[in-house]
Novice: 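A single structure is presented below for examination.
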Amino acid sequence: MANSKSIEQMEKIVSLCKRRGFIFQSSEIYGGINGFWDYGPLGAELKRNIKDQWWRSMTSDRDDVVGLDATIIMSPKVWEASGHTKTFSDPMVDCLLSKKRYRADQIEPQSGIAYFYDGAKDTESGKTIDEPYSVLLPAGKPPESARKTARQFYGMRGASENAELLGERSEKVENTTRYNPENGSLFTEPRPFNLMFKTFVGPLQDENSVAYLRPETAQAIFAQFKNVLEVSRQKVPFGICQIGKAFRNEVNPRNFTFRSREFEQMELEFFIKPDDVLPEAPAETGEVAPPQPHWGWEKWHQYWVDQRLAWYESIGLSRERLELYWQPEEELAHYARATVDILYQFPFGPQELEGIAARGNFDLTQHHEHSGKSMEYFDEETKSKFIPHVIEPSAGVDRLALALICDAYAEEEVTDDKGKTETRVALKFHPRIAPIKVAVFPLLKNKPELVAKAKEVQALLRPWMNVAYDEAGAIGRRYRRQDEIGTPFCVTIDFDTIGKGEDTSLEGTVTLRDRDSMKQERVSIEELSHLLLKKIR
RNA sequence: GCGGGUGUAGCUUAAUGGUAAAGCUCCAGCCUUCCAAGCUGGCUAUGAGGGUUCGAUUCCCUUCACCCGCUCCA
């Protein structure tokens with residue numbers, strides 16, 4: 001999966017992220033902290049743009065979705081109801097021989113003869129190891145095979161190959177999960193790995209004040225379903241969306257920011273009617289592009305998959321690096337009817353950006369039962385009462401930011417007039433999400449008229465977009481700097497602009513340089529903001 | 001959590017049991033009429049802690065972080 005080329009590619013991207021101020025290690029001056037990352041000036045802009053685009057497409061651009069901004073810490077009862085207190089706490093065991101880790105609840109129970117040992121004595125050095133150990137053999141297997149496994153175990157602790165095993169005894173056991181089915185070796189005691197971050201609310205740090213940092217933003221939406229329904233005057237089908245931080249105490253954060261312990265989610269819960277109370281479907285008329293009142297969960301699910309894919313394309317992710325993964329039935333969570341993952345082909349392999357789950361009405365039903373408050377909805381149209389079902393598109397902001405950077409990263413061979421070849425690094429962001437939209441340069445910085453005019457143009461554009469101003473170094477160098485941070489447009493003020501060039505008819509015009517083609521066109525200052533706004537929206 | 005690898009300036013690399021060097025980047029100045037030009041000057045580093053030693057970036061121990069494989073990822 002990860003070959004040396006893709007590792008090198010990833011290293012270049014990580015290096016650029018740091019060098020140009022997209023992403024830093026959290027707490028770097030103290031040596032960092034595993035699984036946490038900070039966004040520098042450009043990364044912060046990039047993330048804002050992603051979230052703004054998502055929010056706009058989800059709620060501002062539609063009538064049937066409203067927003068929510070809930071707290072990170074909620075009543076622990078929320079997590080009891082959702083099942084997270086249980087399911088986010090997996091007991092894990094390690095094989096004492098192979099060191100592999102397993103989920104204790106996924107071990108097949110076995111029966112057979114267990115051989116116990118108190119320790120081992122090295123016949124050569126006389127050294128004793130008094131660590132108890134045991135091996136499970138299927139009935140009928142010769143005990144010598146257990147001794148061989150035990151010698152391997154003690155061998156890893158410093159005993160020689162023909163060490164003497166101490167205190168062997170055997171016992172019949174049934175339906176045990178304490179032994180590795182692959183090699184018969186004893187496991188470590190099961191240890192809980194709780195993926196939720198725990199904290200305490202209030203001054204007393206006791207069991208009664210325990211609270212959790214949310215492991216997903218979705219539950220807040222379910223918990224506030226009734227309130228939002230009441231005030232928004234929405235009718236099912238409708239959605240509630242939210243952007244916010246979530247926390248998971250991952251066993252092993254990996255792949256730069258891809259799996260972090262603190263991350264940001266963009267989630268929509270789209271509430272729909274259960275299939276059994278749907279209004280009668282009208283005769284098909286061919287085109288059903290806009291949502292229809294008679295749609296069942298499958299149509300809504302497909303609708304959101306299509307919507308989300310279109311959105312990713314709208315912010316410039318290449319469609320050919322996106323793929324859909326329909327989770328097979330055996331992989332589905334118990335509450336899900338169908339889940340589609342949208343994967344992006346990162347240098348380290350195809351990985352999930354977003355999951356679109358048809359969750360039935362599991363969550364609202366759980367809160368309905370645990371809180372004792374009704375989550376039912378009365379549908380005027382069909383005169384029926386039900387707990388709405390839900391379609392959940394859930395995306396990771398940080399993963400998307402990383403995908404956008406990977407997708408935009410481009411190295412090109414550029415040959416100059418003198419035939420010298422160099423590598424140009426550019427982040428080819430879609431103008432919608434580029435941290436800086438346009439950079440303004442005076443051609444030369446020791447000519448006050450050029451500098452003054454450039455600052456004027458910068459001030460002209462500033463109310464409409466993120467503008468950079470740069471006068472340091474040769475003009476080519478300034479272009480390359482902007483290429484590397486993904487600025488789509490550069491505007492240069494030259495002598496023609498101020499009417500001191502050869503062609504005085506060019507007064508009041510500037511050159512507009514395109515990042516990807518490196519081509520320049522001459523445009524008037526008057527048109528500039530209008531022209532750019534069209535390109536960046 | 002296990003195994004392997006790596007840690008010297010923002011980046012890439014050098015060197016040494018005894019003053020840590022260079023190129024690029026960055027900053028300032030000069031110069032420069034459109035794609036990393038030139039000149040001058042400047043900032044910045046041995047991941048952290050401990051040990052051995054007169055003296056440790058170098059040797060030893062611990063720890064932290066990153067990368068790879070396993071594991072995990074309702």
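The shown structure was predicted, so the numbers you read here are calculated from the model rather than taken from an experiment. What's counted below: heavy atoms across the whole structure, side chains too, no hydrogens, waters or symmetry copies. Note on naming: letters A, B, ... go to the chains in the order of the sequence lines (proteins, then strands), and numbering restarts at 1 for each one.
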Novice: Can you work out whether R480(A) or F256(A) has the more 5'-proximal nearest nucleotide on RNA chain B?
Specialist: R480(A)
Novice: Is a donor on one side and an acceptor on the other found under 3.5 Å between the side chain of T511(A) and the backbone of E521(A)?
Specialist: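 Answer holds: no.
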Novice: With P as the reference atom in both, quote the distance from U40(B) to A22(B) in angstrom, rounded to an integer.
Specialist: 14 Å
Novice: P atom, C60(B) versus G1(B): distance in rounded Å?
Specialist: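 Result for the P pair: 25 Å, nearest Å.
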Novice: Taking for each residue the nucleotide of RNA chain B with the nearest heavy atom, is it K18(A) or W37(A) whose nucleotide lies nearer the 5' end?
Specialist: K18(A)
Novice: Looking only at heavy atoms, what is the nearest atom pair of Q110(A) and Y179(A), with distance?
Specialist: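 Closest heavy-atom pair between Q110(A) and Y179(A): NE2-O, 3.0 Å.
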Novice: Anything under 30° is parallel, anything over 60° is perpendicular, the rest tilted; go ahead and classify H301(A) against W326(A).
Specialist: perpendicular
Novice: Using whole Å, report how far CZ of F187(A) lies from C1' of U71(B).
Specialist: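 Checked: the CZ to C1' distance equals 12 Å.
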Novice: From CH2 of W79(A) over to C1' of A74(B), roughly how many Å is that when rounded to an integer?
Specialist: 12 Å
Novice: Taking U46(B) as the reference, what is the distance to A9(B) when you measure between their P atoms (whole Å, please)?
Specialist: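 Each nucleotide's P atom is 8 Å from the other's.
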Novice: May I ask you to verify whether the side chain of E216(A) and the base of A74(B) hold a donor-acceptor pair under 3.5 Å?
Specialist: yes
Novice: Determine the Euclidean distance between corresponding P atoms of G7(B) and A14(B); express it in Å to zero decimal places.
Specialist: 10 Å
Novice: Ion pair present between D483(A) and K428(A), side-chain N to carboxylate O less than 4.0 angstrom?
Specialist: no
Novice: Could you please spell out the steps behind the side chain to side chain donor-acceptor pair (under 3.5 Å) verdict for T217(A) and E267(A)?
Specialist: CA-CA 7 Å; T217(A) 54; E267(A) 291 194 304; 2.5 Å; yes
Novice: Using atom P of each nucleotide, how far apart are A20(B) and C34(B) to the nearest Å?
Specialist: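 Comparing P positions in A20(B) and C34(B) gives a spacing of 45 Å.
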Novice: Would Y344(A) and D407(A) count as a side chain to side chain donor-acceptor pair (under 3.5 Å) here? Give the steps.
Specialist: CA-CA 9 Å; Y344(A) 175 77; D407(A) 207 51; 2.7 Å; yes
Novice: After noting the C-alpha distance and the side-chain angles of Y325(A) and E352(A), does the key distance pass the side chain to side chain donor-acceptor pair (under 3.5 Å) rule?
Specialist: CA-CA 9 Å; Y325(A) 175 74; E352(A) 181 186 346; over 6 Å; no
Novice: For the pair made of CG in N180(A) and C1' in C70(B), what is the distance, rounded to whole Å?
Specialist: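 In whole Å, C70(B) C1' and N180(A) CG are 14 Å from each other.
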Novice: In whole Å, measure the gap between the P atoms of C59(B) and U6(B) for me.
Specialist: 12 Å
Novice: Give me the distances for all protein-to-nucleotides 41-50 of chain B N/O pairs that come in under 3.5 Å?
Specialist:
none

Novice: Give the table of side-chain donor-acceptor pairs shorter than 3.5 Å for residues 15-28 of chain A, with sequence neighbours excluded, one pair per line with atom names and distance.
Specialist:
unit_1	atom_1	unit_2	atom_2	d
K18(A)	NZ	E28(A)	OE2	3.2
R19(A)	NH1	E484(A)	OE1	3.3
R19(A)	NH1	E484(A)	OE2	2.7
R20(A)	NE	E484(A)	OE1	2.5
R20(A)	NH2	E484(A)	OE1	2.6

Novice: Would you mind pulling out the nucleotide paired to U53(B), Watson-Crick or G-U wobble, both distances under 3.5 Å?
Specialist: none
Novice: Rounded to whole angstrom units, what separation is found between the CG atom of D38(A) and the P atom of C66(B)?
Specialist: 12 Å
Novice: Rounded to whole angstrom, note down the C1' distance from G42(B) over to U58(B).
Specialist: 30 Å
Novice: Report the distance from atom CZ of F258(A) to atom P of C72(B), rounded to the nearest whole Å.
Specialist: 17 Å
Novice: Please pick, from A74(B), C67(B), U71(B), the nucleotide with the shortest atom-to-atom distance to any side-chain atom of E11(A).
Specialist: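 Per side-chain heavy atoms of E11(A), the pick is C67(B).
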Novice: Checking the side chain of Q265(A) only, and the main-chain atoms of S394(A) only, is there a donor and an acceptor separated by less than 3.5 Å?
Specialist: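 No.
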Novice: Pull out every protein N or O sitting under 3.5 Å from an N or O of nucleotides 23-34 of chain B, one pair per line with the distance.
Specialist:
unit_1	atom_1	unit_2	atom_2	d
U25(B)	OP1	R477(A)	NH1	3.0
U25(B)	OP1	R477(A)	NH2	3.2
C26(B)	OP1	R481(A)	NE	2.7
C26(B)	OP1	R481(A)	NH2	3.2
C26(B)	OP2	R477(A)	NH1	3.0
U32(B)	O4	K445(A)	N	3.3
C34(B)	O2	Y479(A)	OH	2.6
C34(B)	O2	Q520(A)	OE1	3.1
C34(B)	O2	Q520(A)	NE2	3.0
C34(B)	N3	T511(A)	OG1	3.3
C34(B)	N3	Q520(A)	OE1	3.2
C34(B)	N4	D494(A)	OD2	3.0
C34(B)	N4	T511(A)	OG1	3.1

Novice: Is a donor-acceptor contact shorter than 3.5 angstrom present between the side chain of R513(A) and the base of C35(B)?
Specialist: yes
Novice: What is the pairing partner of A28(B), taking Watson-Crick or G-U wobble pairs with both distances under 3.5 Å in any strand?
Specialist: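 Partner of A28(B): U40(B).
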Novice: What's R424(A) touching, base or sugar-phosphate or nothing? Going by heavy atoms closer than 4.0 Å.
Specialist: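 Since no nucleic acid heavy atom lies under 4.0 Å of R424(A), the category is nothing.
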Novice: For C66(B), what is the paired nucleotide under Watson-Crick or G-U wobble rules, both distances under 3.5 Å?
Specialist: G5(B)
Novice: What's the CD-P distance between E392(A) and A74(B), to the nearest Å?
Specialist: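 Taking atom P of A74(B) as the reference, CD of E392(A) is at 13 Å.
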Novice: Once you apply the 3.5 Å cut-off to both distances, tell me the Watson-Crick or G-U wobble partner of A14(B), or none.
Specialist: none
Novice: Nearest whole Å is fine: how far is U71(B) P from N252(A) CG?
Specialist: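 Rounding to the nearest Å, CG of N252(A) and P of U71(B) are 12 Å apart.
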Novice: Measure CG/N249(A) against P/U71(B) and give the value in whole Å, please.
Specialist: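 So the two atoms are 21 Å apart, to the nearest Å.
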Novice: Taking atom C1' in both U53(B) and C39(B), compute the distance separating them and give it to the nearest angstrom.
Specialist: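 Nearest-Å result for U53(B) against C39(B) at atom C1': 47 Å.
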Novice: Per the side chain to side chain donor-acceptor pair (under 3.5 Å) rule, which among H367(A), Q366(A), R359(A) passes with D363(A)?
Specialist: R359(A)
Novice: Scan G35(A) against the nucleic acid and name what it touches under 4.0 Å (heavy atoms): base, sugar-phosphate only, or nothing.
Specialist: sugar-phosphate
Novice: Counting N and O atoms only, with roles assigned by atom type, does the side chain of D514(A) sit under 3.5 Å from a partner on the main chain of S517(A), one being a donor and the other an acceptor?
Specialist: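 Pair found, side chain donor or acceptor close to backbone of S517(A).
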